[in-house]
K.L.:
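Could you have a look at this structure, given as structure tokens, before my questions?
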Amino acid sequence: MNTIFKVTLLSLAGASLLFSSCRKEGNNEKLDKNNNESSSELIPADSGSWWLMEADDSSVSKTTATGMDSTVGGGQYDYFEMKDTSTGYITPKFYAKNTDYYLNLIDLSDGDGQYVAAIICTVDPKTGDTWTNTSQMQYSGMTVDVKTEGEVTETNGTLTINGHTYTGVIHTKNTLKGKLHGTPAWINCGELNMDIKPGIGILKSDLDVHILAFFQKQISNSLLDYHIED
């Protein structure tokens with residue numbers, strides 16, 4: 001860690017003592033985890049369904065619905081496995097429906113299990129629907145507040161991917177912000193854009209985040225092929 005960055009962190013940490021540690025909870029943190037249900041109306045969860053996705057670095061992954069539930073952080077989620085077709089590495093994926101929202105457990109810590117239960121869409125989406133996701137993460141011993149400001153920007157879109165045209169596509173945009181806990185000013189940290197076809201799942205996602213100097217990830221995925229189990 002360079003000297004300038006150390007000084008910046010120490011300055012921000014010192015400043016945090018001058019401000020209240022209270023923070024406003026987002027819509028995701030206000031949900032009762034006991035109300036989680038299957039995400040299948042938006043993202044099919046029956047065993048045997050699968051999605052082949054290609055990333056912008058040409059890597060290909062296959063996500064498979066296991067048909068099983070998994071309890072994470074006190075909430076129950078549909079459990080999926082995303083397998084890199086080159087390395088065989090498996091990344092767990094989790095989705096659920098809760099009251100008016102669909103949730104996805106998002107890993108903003110690059111593999112150490114600090115999942116954020118994040119709203120990715122409303123159950124009855126309308127253009128202009130908004131939500132806020134909030135959470136706290138630990139990076140290098142520092143507590144970082146993160147939040148996303150999400151919005152449905154389109155509900156009946158048309159998207160052509162790899163020669164196939166999909167209609168009735170929902171587009172959502174999430175703007176990510178972060179700050180050291182206790183400091184007043186939010187810093188823009190990137191975006192997550194998703195195109196979703198109800199009953200098929202995620203057609204395309206674009207993630208470009210940089211949470212202060214602690215975590216960076218930039219990747220785009222688009223659907224190559226899929227199978228939905230009846």
K.L.:
With the side chain counted from C-beta on, respond yes when Val146 and Cys189 share a heavy-atom pair under 4.5 Å apart, and no when they do not.
P.N.:
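With C-beta onward as the side chain, the pair stays apart.
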K.L.:
Going from CG on Asp225 to CG on Asn162, what distance comes out if it is rounded to the nearest 0.5 angstrom?
P.N.:
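Rounded to the nearest 0.5 Å, the CG-CG separation comes to 9.5 Å.
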K.L.:
Between Asn35 and Asn98, is any side-chain donor less than 3.5 angstrom from a side-chain acceptor?
P.N.:
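Side-chain D/A pair, Asn35 to Asn98: absent.
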K.L.:
Would you give me the side-chain donor-acceptor pairs under 3.5 Å for residues 42-59, sequence neighbours excluded?
P.N.:
residue, atom, partner, partner atom, Å
Ser49, OG, Asp46, O, 3.3
Ser49, OG, Glu229, N, 2.9
Trp51, NE1, Ile200, O, 2.6
Asp57, OD1, Ser59, N, 3.0
Asp57, OD1, Ser59, OG, 2.6

K.L.:
Could you give the distance from CD1 (Ile187) to CG (Leu180), rounded to the nearest 0.5 Å?
P.N.:
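One gets 7.5 Å once the value is rounded to the nearest 0.5 Å.
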K.L.:
In the structure I gave you, are the side-chain heavy atoms of Thr122 and Trp131 within less than 4.5 Å of one another anywhere?
P.N.:
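Side-chain contact under 4.5 Å: yes.
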K.L.:
Are Thr153 and Thr127 close enough that some pair of their side-chain heavy atoms sits under 4.5 Å apart?
P.N.:
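The answer is no; the side chains never approach within 4.5 Å.
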K.L.:
If we count only N and O atoms by modelled type, under 3.5 Å, do the side chains of Thr165 and Thr160 hold a donor and an acceptor together?
P.N.:
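Yes.
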K.L.:
So which of Asn104, Ile106, Thr172 actually passes side chain to side chain contact (heavy atoms under 4.5 Å, CB included) with Leu192?
P.N.:
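By the side chain to side chain contact (heavy atoms under 4.5 Å, CB included) criterion, Leu192 pairs with just one of Asn104, Ile106, Thr172: Ile106.
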K.L.:
Under a plain distance cut-off of 3.5 Å, with no hydrogens placed, do Asp78 and Ser39 share a side-chain donor-acceptor pair?
P.N.:
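Yes, Asp78 and Ser39 have a side-chain donor paired with an acceptor closer than 3.5 Å.
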K.L.:
Could you tell me if the side chain of Tyr101 sits less than 4.5 Å from the side chain of Asn27, heavy atoms only?
P.N.:
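When only atoms from C-beta onward are counted, Tyr101 and Asn27 do touch, with a gap below 4.5 Å.
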K.L.:
For Lys83, is there an ion pair with Glu81 - N to carboxylate O distance below 4.0 angstrom?
P.N.:
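Looking at Lys83 together with Glu81, the answer is no, because their closest N to O distance does not fall below 4.0 Å.
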K.L.:
Would you say that Ile202 contacts Tyr95 through its side chain, given a criterion of any heavy-atom pair below 4.5 Å between the two side chains?
P.N.:
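When only atoms from C-beta onward are counted, Tyr95 and Ile202 do touch, with a gap below 4.5 Å.
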K.L.:
Run the side-chain hydrogen bond (donor to acceptor under 3.5 Å, both in side chains) test against Lys197 and tell me which residues pass, sequence neighbours left out.
P.N.:
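None.
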K.L.:
Measure from the side-chain N and O atoms of Thr66 to the backbone N and O of Met68, and report whether any donor-acceptor pair falls under 3.5 Å.
P.N.:
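Present.
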K.L.:
Report the distance from atom CG of Asp145 to atom OG of Ser135, rounding to the nearest 0.5 Å.
P.N.:
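Going from the CG atom of Asp145 to the OG atom of Ser135 covers 9.0 Å.
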K.L.:
Show your working on side-chain contact (heavy atoms from CB on, under 4.5 Å) between Ser222 and Leu203 and close with a plain yes or no.
P.N.:
CA-CA 6 Å; Ser222 58; Leu203 305 179; over 6 Å; no
K.L.:
With side chains defined as the heavy atoms from C-beta onward, is the minimum distance between Val152 and Ile170 less than 4.5 Å?
P.N.:
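Side-chain contact under 4.5 Å: yes.
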K.L.:
Where do Gln76 and Asp69 land on the side chain to side chain donor-acceptor pair (under 3.5 Å) test, with the steps shown first?
P.N.:
CA-CA 6 Å; Gln76 184 170 287; Asp69 297 330; 3.2 Å; yes
K.L.:
If you apply the rule ring-ring contact (aromatic ring centres under 6.0 Å, His included), what do you find for Tyr115 with Phe94, and how did you get there?
P.N.:
CA-CA 10 Å; Tyr115 289 109; Phe94 308 91; 5.5 Å; yes
K.L.:
Check the pair Glu29, Thr134 against side chain to side chain donor-acceptor pair (under 3.5 Å), reporting the backbone distance first and the verdict last.
P.N.:
CA-CA 7 Å; Glu29 292 190 295; Thr134 55; 2.5 Å; yes
K.L.:
Take Asn133 and Lys147 through the test side-chain contact (heavy atoms from CB on, under 4.5 Å) and record every step on the way to the result.
P.N.:
CA-CA 5 Å; Asn133 292 306; Lys147 73 174 178 178; over 6 Å; no
K.L.:
Would a 4.5 Å heavy-atom cut-off, applied to side chains only, mark His171 and Asn193 as touching?
P.N.:
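The answer is yes, as the side chains (C-beta and beyond) meet within the 4.5 Å cut-off.
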K.L.:
My understanding is that only residues two or more places apart in sequence, or in another chain, count here; which of them pass side-chain hydrogen bond (donor to acceptor under 3.5 Å, both in side chains) with Lys30?
P.N.:
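Scan of Lys30 (side-chain hydrogen bond (donor to acceptor under 3.5 Å, both in side chains), adjacent residues dropped) gives none.
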K.L.:
Less than 4.5 Å apart, side chain to side chain, heavy atoms only: is that true for Met194 and Ile120?
P.N.:
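Contact flag for Met194/Ile120 side chains = yes.
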K.L.:
For the hydrophobic clusters of this structure (ILVMFWY residues joined by side-chain heavy atoms under 4.5 Å, transitively), does one cluster hold both Met82 and Ile219?
P.N.:
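Different clusters: Met82 never reaches Ile219 through Ile, Leu, Val, Met, Phe, Trp or Tyr contacts under 4.5 Å.
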K.L.:
Can Lys126 and Asp124 be counted as an ion pair, charged N to O under 4.0 angstrom?
P.N.:
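Looking at Lys126 and Asp124, the cut-off is met.
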K.L.:
If you draw the axis of the six-membered ring of Trp186, does the NZ or CZ of Lys177 fall within 45° of it and under 6.0 Å from the ring centre?
P.N.:
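No; the conditions do not both hold, so Lys177 does not lie above the ring face of Trp186.
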K.L.:
Apply the test side-chain contact (heavy atoms from CB on, under 4.5 Å) to residues Asp208 and Asp206: give CA-CA distance (whole Å), side-chain angles for both, the deciding distance (0.1 Å), then the verdict.
P.N.:
CA-CA 7 Å; Asp208 183 5; Asp206 295 290; over 6 Å; no
K.L.:
Would you call the rings of Tyr226 and Tyr166 parallel, tilted or perpendicular, where under 30° means parallel and over 60° means perpendicular?
P.N.:
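Rings of Tyr226 and Tyr166: tilted, 30 to 60°.
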